[in-house]
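The structure appears below as structure tokens.
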Amino acid sequence: MEFVDTHCHTHEMVRRVTPVYDKWHGDGIERTPEDVIKAAHEVGVGRMLCVGTTYEDSQLAIEFVKNRENMWASIGIHPHEAETALAEGHLDAFRGLVGSPKVIAVGECGLDYFYNHSSKEAQIAVLKAQIELALAHSLPLIFHVREAFDDFWPIFEQYDGIRGVLHSFTDSQANLKKALAHGLFIGVNGIATFAKREEQLAMYRSIPLANLLLETDAPFLTPVPHRGTINEPKYTRVVAEFLADLRNESLEQLAEQTSESARQLFRI
Ligand SMILES: [Zn+2]
């Protein structure tokens with residue numbers, strides 16, 4: 001059985017380019033990337049996508065996956081980082097990363113009005129730039145959208161031919177429907193394991209298996225029963241087990257279909 005972690009930040013273990021590095025090293029446990037990759041392989045998590053959040057972080061993801069088998073990079077500027085990217089004039093250099101080896105997607109990119117670390121205007125400009133970059137290179141997009149679907153959909157609908165995933169999806173049935181109508185995949189991570197509202201659990205149940213993707217967002221969002229420890233790609237399997245149980249599917253079936261979807265979307 002194989003599982004694919006379609007969204008992790010494992011590359012950030014090796015060098016501090018964002019505070020995610022501190023998260024990886026914040027629990028006093030010594031671990032190398034090789035330890036983390038080996039632990040993932042041992043439970044069937046064979047493939048991993050390292051997702052960039054800034055220009056420098058995307059460079060690091062590319063460098064990290066270069067000589068590592070079954071790992072790929074996505075280049076992205078997170079909505080939190082949109083203002084900095086514009087202020088520091090990083091967009092052109094960022095675009096230049098797109099042809100690097102093993103870059104299989106653009107993102108994470110999107111809109112986050114929950115934290116609003118960047119202005120809406122900056123977030124929208126940087127999202128559009130990344131959609132256009134992905135379309136110009138026929139790459140899928142990894143979207144991060146939080147409390148911002150009312151602005152996200154009109155932007156999305158300005159473009160034809162977007163392929164991608166709504167990563168860490170926790171939103172409403174209505175936005176799920178809309179995403180499915182647009183042919184998007186739905187990325188589910190450890191948040192599902194500590195979701196309490198019946199409405200949200202029902203939403204996870206109603207995602208068609210063919211549109212479901214597994215992810216961890218490691219080192220964040222550790223699933224139950226490992227809360228309080230640092231999340232690692234190996235827990236993709238825990239998310240899969242939880243979902244198989246919740247959705248009344250066999251783990252084999254869920255592993256097979258989600259891995260096939262990851263292959264299709266990212267051409268890995
Ligand atoms: Zn992420």
Side-chain angles (χ1 to χ4, degrees), residues 3-26 33 36 40 45 47-62 64-65 71-82 84-85 94 97 103-118 123 126-127 130 134 139-148 152 164-171 179 184-194 212-223 230-236 238-239 258 262 265-266 268:
F3 305 91
V4 182
D5 186 354
T6 62
H7 192 119
C8 70
H9 301 279
T10 305
H11 57 288
E12 301 223 44
M13 291 179 79
V14 296
R15 198 164 71 234
R16 191 186 195 285
V17 294
T18 84
V20 179
Y21 175 87
D22 305 326
K23 173 76 180 174
W24 271 115
H25 299 282
V36 167
V45 182
R47 295 158 188 244
M48 288 162 239
L49 269 53
C50 288
V51 178
T53 56
T54 68
Y55 166 58
E56 286 95 348
D57 186 50
S58 298
Q59 280 183 306
L60 182 62
I62 291 168
F64 184 79
V65 302
M71 299 190 88
W72 292 267
S74 179
I75 55 164
I77 297 173
H78 194 284
H80 292 340
E81 309 291 339
T84 312
F94 171 77
L97 298 177
V103 169
I104 45 72
V106 176
E108 54 188 292
C109 60
L111 303 175
D112 192 319
Y113 295 171
F114 183 74
Y115 287 111
N116 267 317
H117 288 329
S118 285
Q123 293 190 38
V126 171
L127 167 61
Q130 291 177 90
L139 290 173
L141 283 138
I142 298 174
F143 291 114
H144 169 112
V145 183
R146 190 154 182 210
E147 313 252 314
F152 177 76
V165 55
L166 290 179
H167 130 77
S168 197
F169 188 78
T170 58
D171 214 275
L184 289 171
F185 288 88
I186 309 297
V188 178
N189 56 39
I191 292 178
T193 67
F194 48 90
L212 183 67
L213 288 178
L214 301 174
E215 59 172 61
T216 59
D217 211 14
F220 302 105
L221 305 175
T222 312
I230 284 177
N231 201 7
E232 292 188 23
K234 65 180 177 185
Y235 292 144
T236 306
V238 174
V239 175
T258 52
L265 178 62
F266 298 111
I268 54 173

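We count ligands from 1, going down the list as the structure has it; atoms in each ligand are counted the same way. Basis for what follows: all heavy atoms, side chains included, without hydrogens, waters or symmetry-related copies.
Residue contact annotation: His78 places no N/O/S atom under 2.8 Å from the Zn ion (ligand 1). Between the Zn ion (ligand 1) and His7 there is an N/O/S contact shorter than 2.8 Å.
A donor-acceptor contact shorter than 3.5 Å links the side chain of His9 to the backbone of Val51. Listed for the Glu12 side chain is no donor-acceptor partner under 3.5 Å among the backbone atoms of Val17.
Looking at Glu108, its N, O or S atom nearest to the Zn ion (ligand 1) turns out to be OE2. Looking only at N/O/S atoms, Asp217 comes nearest to the Zn ion (ligand 1) through OD1.
Using a 30° and 60° split on the angle between ring planes, His80 and Tyr115 fall in the perpendicular class, above 60°.
Rounding to the nearest 0.5 angstrom, the gap separating the CG atom in Leu214 from the OG1 atom in Thr236 is 7.0 Å.
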